[in-house]
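Counting starts at 1 for both ligands and their atoms, following the listed order. Since the structure is predicted, the reported quantities are computational estimates derived from the model, not experimental observations.
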Amino acid sequence: MNLEKGYLEKKIDPSLDLFKEISHLKKTKNAIILAHYYQDADIQDIADYIGDSLGLAQQAEKSTADIILFAGVHFMAETAKILNPKTKVLLPDLKAGCSLADSCPADAFSAFKASHPDHIVLTYINCTADIKALSDVIVTSTNAVQIVESFPKDQKIIFAPDKNLGAYINKITGRNMVLWNGSCMVHEIFSLEKLIKLKIQNPKAKIIAHPECEAPLLEHADFIGSTTALLNYTKKPENGDEFIVVTETGILHQMQKSSPTKIFIPAPPNNNCACNDCPYMKLNTLEKIYIALKYEQPELLMDEYLIKKAKLPILKMLELSAKFGL
Ligand code: 13P
Ligand code: SF4
């Protein structure tokens with residue numbers, strides 16, 4: 001099936017009610033849509049579950065659907081396939097990658113790991129299955145601090161691929177994990193200068209930030225957490241009514257939905273582009289989701305041996321998360 005540029009324009013009848021068509025396809029095919037908070041509002045609204053990386057992995061593991069359509073990026077769909085290999089996993093656009101995952105190629109990481117023989121490897125879920133297969137435990141921004149703290153203080157640890165999240169965990173836990181030099185292009189684009197100006201203009205607003213941001217920005221944050229933690233923070237009356245949100249803009253949809261009278265201001269990037277939108281997440285569209293469900297393509301296929309190897313550190317994470325009540 002040809003999914004190249006121009007295909008959708010030619011094949012989709014513009015008068016189709018895509019919400020209705022997608023709902024119908026979900027029912028007839030016993031399919032579910034798992035969507036990350038960074039998806040467009042329309043996609044979040046047709047999803048069966050919206051969540052952060054941990055929540056999405058947990059949902060994928062327990063899903064009994066015949067098809068999981070993953071409205072997110074490649075590493076998330078891979079994680080779903082690893083946890084539920086018998087289920088058909090669809091990713092509406094296979095080009096939906098991740099700059100953070102790209103910043104950690106398997107051969108270079110393998111050499112890095114070999115040069116630190118007495119270290120265990122804790123890896124942020126935003127990485128390829130090849131990197132997961134080289135890891136001891138996977139973490140997400142929801143559980144990273146607790147998982148790191150579950151190891152003895154003198155345990156030597158490599159943390160990959162996000163140097164910003166790694167540095168944040170080192171600061172919180174007092175550890176000295178060796179950090180891989182990777183980062184997320186979206187979370188590194190925020191302008192500290194503009195953030196400070198915005199705070200001066202909105203003195204009552206709380207600055208809430210994702211730990212993938214650089215340390216100087218995090219220093220100005222009233223609260224730091226995963227997308228789910230940020231969303232939950234904004235729901236609590238004691239945390240106020242105005243927020244400057246330092247993460248990808250997609251999360252604002254759920255924040256505004258849960259707290260319609262509160263004010264949410266997206267933190268500005270360091271230029272005039274919309275670079276605080278993740279270009280990979282935003283490759284997914286309702287049209288591509290409709291096509292994917294209709295033709296059951298593009299399907300995410302993985303090597304069985306890789307699934308087996310990459311699954312162990314993810315299961316370890318799920319086990320620890322359950323123990324911590326996450
Ligand atoms: P969480 O939703 O797990 O906080 O991760 C954010 C992110 O960058 C996903 O790509
Ligand atoms: Fe990757 Fe950053 Fe996009 Fe998340 S926001 S998918 S970490 S590039």
Side-chain angles (χ1 to χ4, degrees), residues 34-40 43-44 47 49-60 70-80 91-104 122-128 131-132 138-147 159-166 168-169 180-190 208-214 217-218 221 223-234 245-255 266-267 269 273-284 314 317-318 321 326:
L34 302 184
H36 188 267
Y37 289 123
Y38 295 165
Q39 293 295 289
D40 277 337
I43 299 178
Q44 294 188 36
Y49 175 84
I50 315 156
D52 67 359
S53 308
L54 176 63
L56 289 163
Q58 288 165 332
Q59 290 295 319
F70 217 106
V73 292
H74 197 274
F75 76 80
M76 295 178 171
E78 249 182 8
T79 304
L91 184 63
D93 190 325
L94 286 177
K95 291 192 287 298
C98 167
S99 64
L100 187 45
D102 288 347
S103 69
C104 193
L122 299 195
T123 309
Y124 191 34
I125 198 163
N126 300 33
C127 65
T128 62
I131 298 295
K132 289 186 174 78
I138 301 303
V139 305
T140 74
S141 44
T142 291
N143 56 30
V145 168
Q146 277 156 294
I147 290 183
F159 186 83
D162 189 5
K163 63 174 181 195
N164 294 322
L165 176 62
Y168 170 70
I169 302 168
W180 177 262
N181 187 20
S183 60
C184 159
M185 61 192 277
V186 179
H187 288 90
E188 285 212 321
I189 204 83
F190 295 108
I208 58 173
H210 196 281
E212 285 175 27
C213 295
E214 289 174 308
L217 266 107
L218 294 179
F223 180 73
I224 299 165
S226 67
T227 49
T228 299
L230 297 180
L231 174 61
N232 290 340
Y233 181 88
T234 63
V245 184
V246 199
T247 188
E248 215 267 3
T249 54
I251 186 71
L252 269 73
H253 181 55
Q254 291 306 318
M255 289 177 172
C273 67
C275 325
N276 48 351
D277 275 342
C278 172
Y280 301 107
M281 288 279 182
K282 279 0 191 215
L283 280 176
N284 295 322
I314 305 176
M317 170 189 80
L318 293 178
S321 298
L326 298 169

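Scored by the ring pair (Phe, Tyr, Trp, His ring centres under 6.0 Å) test, F159 finds no partners at all (sequence neighbours excluded). Listed by chain and number, the residues in a ring pair (Phe, Tyr, Trp, His ring centres under 6.0 Å) with Y49 amount to none (sequence neighbours excluded).
For D162 (side chain) and L100 (main-chain N/O), no donor-acceptor pair under 3.5 Å exists by modelled atom type. Side chain of K132 to backbone of C127: a donor-acceptor contact under 3.5 angstrom is found. Of the possible donor and acceptor atoms, none in the side chain of K95 sits under 3.5 Å from a partner among the backbone N and O of Y280.
The shortest separation from a heavy atom of H36 to ligand 2 is not under 4.0 Å, leaving the residue out of contact.
Under the side-chain hydrogen bond (donor to acceptor under 3.5 Å, both in side chains) test applied with T142, the options S321, S53, S226 reduce to a single match, S226. A side-chain hydrogen bond (donor to acceptor under 3.5 Å, both in side chains) with N164 is found for exactly one of H210, E188, E214, namely E188.
Between D277 and T249, the side chains place a donor N or O and an acceptor N or O closer than 3.5 Å (distance only, hydrogens not considered).
Within the protein, the N, O or S atoms lying under 2.8 Å from atom 3 (Fe) of ligand 2 are C278 SG.
Below 30°, between 30° and 60°, or above 60°: for F223 and Y233 the angle between ring planes is below 30°, a parallel geometry.
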Which N or O atoms of ligand 1 sit under 3.5 Å from a protein N or O, and how far apart is each pair?
from, atom 1, to, atom 2, distance (Å)
ligand 1, 2 (O), H36, NE2, 2.6
ligand 1, 2 (O), T227, OG1, 2.6
ligand 1, 3 (O), S53, N, 3.1
ligand 1, 3 (O), S53, OG, 2.8
ligand 1, 4 (O), S141, OG, 2.9
ligand 1, 4 (O), H210, NE2, 2.7
ligand 1, 4 (O), T227, N, 3.0
ligand 1, 4 (O), T227, OG1, 3.4
ligand 1, 8 (O), E212, OE1, 3.4
ligand 1, 8 (O), E212, OE2, 2.9
ligand 1, 10 (O), N126, ND2, 3.3

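Here the side chains of T227 and E248 are not in contact, with every heavy-atom distance at 4.5 Å or above.
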